[in-house]
Each structure stands twice: as C-alpha cells, then as structure tokens.
Chemist: 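The structure is given below, and queries will be raised subsequently.
For reference, positions follow the sequence shown, starting with 1.
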Amino acid sequence: MSKKTMKILGMCGSLRSDSHNSKLLKFSLERLSSRVKHCEHFIANLNLPLFNEDIENSKGIPPKVYKLAKNIKDSHAIFISTPEYNKNLSGVLKNALDWTSRVKPQPWKGKPIIMLSAASGQSGGERAQYSLRQCLIPFDPVLFFAPEITVPDASNAFDEDNAPKSKIIIEKIDRQLSNLKPYLI
C-alpha cells in the first residue's frame, strides 16, 4: 500500500516574483518537503480580478477563483506569507480571501495554516499577521499562533541562496513545521 502524498499550498501576498515574502515562503515549503516524506508543495496564483459583486452577479465567480478554492480544498495544509502594507496585510491577499469567501462549500474550514511575514520594519510584519488572523477567523481554519515567523529588515535578511540569514528565524520555521506534522499523517 503506498502512502498518500501530502499536498501543501503556498500563498504569497506579494505578486512581485522576487519579493521577500516569496523567498520566505519558498524556503519554508522546501524545508517542509525535505523533512516530510510524500509531501509536495505548490504556490497559488493570487493574481485575481478585484473582488466586485457586479462581476459575480453578471459573470459568476471567475474560473481563477474556483481554481484557487479547489487548491485550498485539496491541500492538507497552507502556508501564507504576507507583506505588511500600511500596517496591514496586502490588498492581493485580502482580495483572494474575499473571493474565496464566496465559494461554497467553504474550502478553508479546518485547514491547518502557518502564517509568515517579511517586512522592512522592525516588527517583520507582525501587524500584517494580526490582520490576516482576523480575516481568516470566519473561515474556521486551524491557525498556528506560535512561534510567530516574522522577518524584520527583510531586504537584508536573506542570503545569496534566498535562505534566511537568522538562525532564530530558521528555528521558528522548524518549530512550526513540527507543529504541523500531526496534520500530515
């Protein structure tokens, strides 16, 4: 009997391909895949049209949104990395949450979620994570609160291989990965 492959979805709140949050997300997903057998990861496309009920009412929910919702539903766990824009999560991420809230049945329910953030300030995106938690609560996922994975001074926080330079941040990622393991059995 073969073991079922665990699918892990990554979502990055920045659309910029070389964003600090994209680096943090990819590093964390690759670290999990290297430690958990039968685990594969992929990153969702959050380049969606702006949420507008007129679009939903006239054309229906866009196919890209249904694809994202299916990716969420089919995943065993989700990693979300958010930049901090004006002391909040990014509009890209909020837009994805708003659209997927319209899909029934709700794909987020019971999904284990690890939150990450990288930002230029000293808090490393702490406020963005807080606002993300507030946005996720109505979906009834399983949120991992500690340790918070926040990367301050993000433009100087990654090495030439796009790995965090800080051993403390890597240790926090490893602790969150350990927290997630019971959900991947």
Chemist: Which donor-acceptor pairs under 3.5 Å do side chains of residues 164-172 form with protein atoms, sequence neighbours excluded?
Modeler:
unit_1	atom_1	unit_2	atom_2	d
Lys165	NZ	Asn156	O	3.2
Ser166	OG	Ile168	N	3.2
Ser166	OG	Ile169	N	3.2

Chemist: Taking Lys87 first and then Glu126, would you say they form a salt bridge - that is, a charged N and a carboxylate O separated by under 4.0 Å?
Modeler: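 The answer is no: the pair does not qualify as a salt bridge.
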Chemist: Compare all side-chain heavy atoms of Ile114 with those of Asn179 and state whether any distance is below 4.5 angstrom.
Modeler: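 No, side chains not in contact.
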Chemist: Which heavy atom of Gln122 sits nearest to which heavy atom of Pro152, and what is that distance?
Modeler: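 In this case the closest contact between Gln122 and Pro152 is O-CB, 3.3 Å.
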Chemist: Indicate if Ile80 and Val151 have the same hydrophobic cluster label, given that clusters are the connected sets of ILVMFWY residues with side-chain heavy-atom separations under 4.5 angstrom.
Modeler: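 Different hydrophobic clusters.
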Chemist: Report the residues that fulfil salt bridge (charged side-chain N to carboxylate O under 4.0 Å, His left out) with Lys7, sequence neighbours left out, ordered by chain and then residue number.
Modeler: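 Lys7 satisfies salt bridge (charged side-chain N to carboxylate O under 4.0 Å, His left out) with no other residue.
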Chemist: Would you find a donor on one side and an acceptor on the other, under 3.5 Å apart, between the side chain of Glu84 and the backbone of Ala118?
Modeler: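 No, because the side chain of Glu84 does not come within donor-acceptor range (under 3.5 Å) of the backbone of Ala118.
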Chemist: Any sub-3.5 Å donor-acceptor pair from Ser117's side-chain atoms to Gly124's backbone N or O?
Modeler: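 Looks like yes, one N/O pair under 3.5 Å.
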Chemist: Sequence neighbours left out, what passes salt bridge (charged side-chain N to carboxylate O under 4.0 Å, His left out) with Lys111? Give chain and number order.
Modeler: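 Once residues adjacent in sequence are excluded, Lys111 has no partner under the salt bridge (charged side-chain N to carboxylate O under 4.0 Å, His left out) criterion.
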Chemist: Considering all heavy atoms of both residues, which atom of Leu32 and which atom of Leu180 are nearest to each other, and what is their separation?
Modeler: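 The answer is CD2-CD2, 4.1 Å.
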Chemist: How close do Ile55 and Leu50 get, heavy atom to heavy atom, and via which atoms?
Modeler: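 In this case the closest contact between Ile55 and Leu50 is CD1-O, 3.9 Å.
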Chemist: Strictly distance-based, threshold 3.5 Å: is any side-chain N or O of Lys104 a donor or acceptor partner for the main-chain N or O of Ser101?
Modeler: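 Confirmed, Lys104 side chain pairs with Ser101 backbone.
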Chemist: Would the distance check show the side chain of Thr150 and the main-chain N or O of Gly125 forming a donor-acceptor pair, the cut-off being under 3.5 Å?
Modeler: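 No: the side chain of Thr150 does not pair with the backbone of Gly125.
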Chemist: Once salt bridge (Lys or Arg N to Asp or Glu O under 4.0 Å) is applied, what residue pairs with a partner in residues 135-144 remain, sequence neighbours excluded?
Modeler: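 The answer is Lys109-Asp140.
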Chemist: If you draw a 6.0 Å radius around CG in Asp159, do more than 12 non-hydrogen atoms from other residues or ligands fall strictly inside?
Modeler: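 Yes, the 6.0 Å shell around CG holds more than 12 heavy atoms from other groups.
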Chemist: With a 4.5 Å cut-off on side-chain heavy atoms, are His20 and Ser155 touching?
Modeler: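 Counting from C-beta outward, Ser155 and His20 do come under 4.5 Å.
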Chemist: Are any of the side-chain heavy atoms of Leu93 and Ser90 separated by less than 4.5 Å?
Modeler: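 In contact.
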Chemist: With sequence neighbours excluded, what pairs up with Glu160 under the salt bridge (charged side-chain N to carboxylate O under 4.0 Å, His left out) test?
Modeler: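 Glu160 satisfies salt bridge (charged side-chain N to carboxylate O under 4.0 Å, His left out) with no other residue.
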Chemist: When clusters are formed by joining ILVMFWY residues with side-chain heavy atoms under 4.5 Å apart, either directly or through shared neighbours, do Phe139 and Leu116 land in the same one?
Modeler: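 Cluster IDs for Phe139 and Leu116 differ.
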Chemist: When rounded to the nearest 0.5 angstrom, what distance separates CG in Leu132 from CG in Leu89?
Modeler: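 The distance works out to 6.0 Å.
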Chemist: Please test Gln176 against Asp174 for side-chain contact (heavy atoms from CB on, under 4.5 Å), starting from the C-alpha separation and ending with a verdict.
Modeler: CA-CA 5 Å; Gln176 282 286 32; Asp174 288 344; over 6 Å; no
Chemist: Compare all side-chain heavy atoms of Leu9 with those of Phe79 and state whether any distance is below 4.5 angstrom.
Modeler: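 Of all side-chain heavy-atom pairs linking Phe79 with Leu9, none is under 4.5 Å.
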Chemist: Would Ile8 and Ile72 show up in the same hydrophobic cluster when neighbours are defined by side-chain heavy atoms closer than 4.5 Å?
Modeler: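 Ile8 does not cluster with Ile72.
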Chemist: Examine Phe27 and Ile78 and state if one hydrophobic cluster contains both, with Ile, Leu, Val, Met, Phe, Trp and Tyr joined whenever side-chain heavy atoms are less than 4.5 Å apart.
Modeler: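 In one cluster with Phe27: Ile78, no.
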Chemist: Minimum heavy-atom separation for Ser22 to Ser17, with atom names?
Modeler: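 Smallest interatomic distance, heavy atoms only, reads OG-O, 3.6 Å.
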Chemist: Any Lys/Arg nitrogen of Asp54 or Lys59 sitting under 4.0 Å from an Asp/Glu carboxylate oxygen of the other?
Modeler: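 Salt bridge between Asp54 and Lys59, a charged N being under 4.0 Å from a carboxylate O: no.
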Chemist: Are Gln106 and Val103 close enough that some pair of their side-chain heavy atoms sits under 4.5 Å apart?
Modeler: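 They are not in side-chain contact.
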Chemist: Does the side chain of Ser33 pick up a donor-acceptor pair with the side chain of His41 at under 3.5 Å?
Modeler: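 A donor-acceptor contact under 3.5 Å links the two side chains.
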Chemist: Between Phe51 and Trp99, how do the two ring planes meet: parallel, tilted or perpendicular, split at 30° and 60°?
Modeler: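 Judged by the thresholds at 30° and 60°, the geometry between Phe51 and Trp99 is perpendicular.
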Chemist: Please find the pair of heavy atoms, one from Gly13 and one from Val92, that lie closest to each other, and give the distance.
Modeler: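 The pair with the smallest heavy-atom distance is O-CB, 3.6 Å.
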Chemist: Check the orientation of Tyr183 and Phe144. Use parallel for under 30°, tilted for 30 to 60°, and perpendicular for over 60°.
Modeler: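 Tyr183 and Phe144: perpendicular rings.
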Chemist: Regarding Ser14 and Asn21, is there a side-chain donor-to-acceptor distance under 3.5 Å anywhere?
Modeler: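 Note: Ser14 and Asn21 side chains miss the donor-acceptor criterion.
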Chemist: Checking Lys181 now: which residues fulfil salt bridge (charged side-chain N to carboxylate O under 4.0 Å, His left out) with it, not counting sequence neighbours?
Modeler: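 With sequence neighbours excluded, Lys181 shows a salt bridge (charged side-chain N to carboxylate O under 4.0 Å, His left out) to no residue whatsoever.
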Chemist: Heavy atoms only: give me the nearest His76-Thr5 pair and the separation to one decimal.
Modeler: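 Looks like CE1-O, 3.5 Å.
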Chemist: If hydrophobic clusters are built from ILVMFWY residues whose side chains come within less than 4.5 Å, do Leu184 and Leu143 share one?
Modeler: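 Leu184 does not cluster with Leu143.
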Chemist: Okay, side chain of Asn57, backbone of Glu53: is any donor-acceptor separation there less than 3.5 Å?
Modeler: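 Yes; at least one donor-acceptor contact below 3.5 Å.
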